[in-house]
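Please read all numbers here as calculations on a predicted model, not as lab measurements.
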Amino acid sequence: MKDFHVSRRNKIGEMMKDNSMLLLFAGQAPKKTADEAYKFTPNRNFYYMTGIDEEHVILAVKKQEGKITESLFIKRRDPVMVKWVGETISPEKAKEVSGVEDIKYLDTFDGFLNLSIAKEDLYRIYLDMEKDSYDSLDTRGVAFAKEILSKYPQVKVKNIYNEICALRVIKSSEEVDKIRKAIEITGEGILNLMKHAKPGMKENEMEAYFDFTLKSRGVKDFAFTTICAGGHNATVLHYVANNQEVKENEMVLLDLGAQYEYYHGDISRTFPVSGKFTERQRTFYELVLKAHDEVLKMLKPGVPYSRINELVHEIYARELKALGLIEKDEDVRKYYYHNTSHYLGLDTHDVGKRDVILEEGMVITVEPGLYIEEESIGIRLENDILITNDGCENLSKDILITPDEVEKFLATR
């Protein structure tokens with residue numbers, strides 16, 4: 001995907017003003033305790049621009065008199081550390097992956113920065129300063145902004161986070177292929193879990209079969225923490241304890257995903273652990289599936305993103321009143337309290353504005369649910385959808401979903 005990363009940097013370069021520099025940081029794994037760190041995962045905007053997934057690496061893109069130059073700062077090879085933790089990325093590999101020709105070492109970065117600002121008169125610095133709430137911890141970009149302004153008060157610091165996120169909303173064919181692979185592996189894991197699920201098992205026992213499939217397929221990390229919720233637990237939207245016994249005639253709600261080369265799958269399925277839906281369970285299951293299918297019918301470029309959630313609420317209001325569960329349209333929120341869709345890509349809840357019109361190349365989820373707490377019924381059905389030039393493609397259509405398909409599969413256990 002070298003050409004892809006080059007094209008993304010070119011897009012951002014076009015947005016930059018003259019006498020400016022973009023700096024993006026790969027980041028590093030935070031300390032956990034003692035000499036142990038959390039597992040490293042690259043800053044997604046840095047990875048989107050470079051394809052590099054190694055700690056501490058820095059991308060610098062300069063724009064002077066309309067000309068773009070790029071540099072990538074990597075660690076020097078340390079023979080001692082190689083014996084302990086393995087090789088770091090080489091200059092040759094960094095060029096091959098990123099398409100950046102000028103490879104420098106991290107111990108030269110401070111001098112490079114000073115020369116760029118003090119001697120070359122670069123007065124504008126673009127940084128990824130993601131900030132999702134007032135009291136969220138500083139990202140590397142935010143921390144660096146404070147640092148550089150204290151040392152070089154003459155520079156102007158600009159946030160380029162939103163511009164990069166806007167690019168990420170429309171997926172390339174290479175990105176879609178990686179999402180397809182993540183979904184394929186996720187589907188295999190779901191079937192393995194369902195195949196071994198039995199009444200009396202704990203949720204984490206079932207979850208282990210999903211984990212085994214992913215590890216067997218070489219998956220390094222999950223898209224997110226797996227939800228495997230039986231019975232009443234399935235009415236808790238983000239239940240992740242996964243440590244309770246699933247009893248006879250209860251349903252199990254799964255919300256899970258594999259991560260493939262940092263691109264995510266995100267699938268939800270619900271199944272009866274005993275193999276057959278009760279009449280009441282099937283009634284609500286079919287209603288959720290109806291809402292899901294009706295959304296897919298109307299998805300295409302030009303549709304407002306907000307229309308997805310509106311349509312599901314309209315269907316639920318009509319059907320739940322007919323079932324006698326609610327009296328007023330607004331009562332839907334008692335049984336359905338999340339939105340129906342989000343972007344999917346390098347993040348599970350991928351970046352991008354939601355008050356938009358759907359465009360070709362967007363990848364979104366469609367995940368209606370119903371949560372009848374008083375009956376211990378929780379159902380969510382989620383697929384990953386690509387918006388095409390004249391409609392949509394269900395990327396996860398091969399993962400069984402109709403109640404008849406589910407019961408037929410469970411009967412083979």
Checklist entry - To the nearest 0.5 Å, how far apart are CZ in Arg44 and CD in Glu130? => result 11.0 Å

Checklist entry - Looking at CD of Gln259 and CG of Leu214, how far apart are the two atoms once the value is rounded to the nearest 0.5 Å? => result 10.0 Å

Next on the checklist: Do Gln64 and Asn19 pair up side chain to side chain, a donor and an acceptor below 3.5 Å, judged on atom types alone?
Outcome noted: no

Next on the checklist: So, applying salt bridge (charged side-chain N to carboxylate O under 4.0 Å, His left out) with Lys276, which one of Glu248, Glu407, Glu250 is it?
Outcome noted: Glu407

Next on the checklist: Just checking Phe212: does its CZ atom have more than 12 heavy atoms from other residues, nucleotides or ligands closer to it than 6.0 angstrom?
Outcome noted: no

Checklist entry - Among Phe25, Phe109, Tyr105, whose ring pair (Phe, Tyr, Trp, His ring centres under 6.0 Å) with Phe73 holds? => result Phe109

Next on the checklist: Tell me every residue that passes side chain to side chain donor-acceptor pair (under 3.5 Å) with Ser396, counting only those two or more places apart in sequence or in another chain.
Outcome noted: Asn383, Asn394

Checklist entry - If you measure only the distance, is there a donor-acceptor pair under 3.5 Å linking the side chains of Tyr126 and Asn159? => result no

Checklist entry - Among side-chain atoms of Asp53 and Tyr262, is any donor-acceptor pair under 3.5 angstrom? => result yes

Item to check | Polar side chain donor-acceptor pair, His264 to Thr348, under 3.5 angstrom | outcome: yes

Checklist entry - Quick one: do Glu92 and Lys95 make a salt bridge, cutoff under 4.0 Å? => result no

Item to check | Those residues that, when tested against Phe224, pass ring-ring contact (aromatic ring centres under 6.0 Å, His included) (two or more places apart) | outcome: none

Checklist entry - Does the side chain of Thr340 come under 3.5 Å of the side chain of Asn309 through a donor N or O and an acceptor N or O? => result yes

Next on the checklist: Working to the nearest 0.5 angstrom, can you tell me the gap between Glu188 CD and Leu191 CG?
Outcome noted: 8.0 Å

Checklist outcome for this item: To the nearest 0.5 Å, atom CG of Leu370 lies from atom CG of Leu320 at 5.5 Å

Item to check | Exceeds 12 heavy-atom contacts within 6.0 angstrom, atom CG of Asp35 | outcome: no

Next on the checklist: Using a 6.0 Å cut-off, check whether atom NZ of Lys75 has over 12 heavy atoms from anything other than its own residue.
Outcome noted: yes

Item to check | Under 3.5 Å side-chain donor-acceptor pair for Arg168 and Asn45 | outcome: yes

Item to check | Option among Glu360, Lys300, Glu359 that satisfies the side-chain contact (heavy atoms from CB on, under 4.5 Å) test with Asn389 | outcome: Glu360

Next on the checklist: Ignoring hydrogens and geometry beyond distance, is a side-chain donor-acceptor pair present between His338 and Tyr371 at under 3.5 Å?
Outcome noted: yes

Item to check | Polar side chain donor-acceptor pair, Ser98 to Lys2, under 3.5 angstrom | outcome: no

Item to check | Nearest-0.5 Å distance, OG1 of residue Thr69 to CG of residue Asp102 | outcome: 8.0 Å

Next on the checklist: Side chains of His196 and Arg413: any donor to acceptor distance under 3.5 Å?
Outcome noted: no

Next on the checklist: Within a 6.0 Å radius of atom CD on Glu373, are there more than 12 heavy atoms belonging to other residues, nucleotides or ligands?
Outcome noted: no

Next on the checklist: Which label fits His238 and His349: parallel for a plane angle under 30°, tilted from 30 to 60°, or perpendicular past 60°?
Outcome noted: tilted

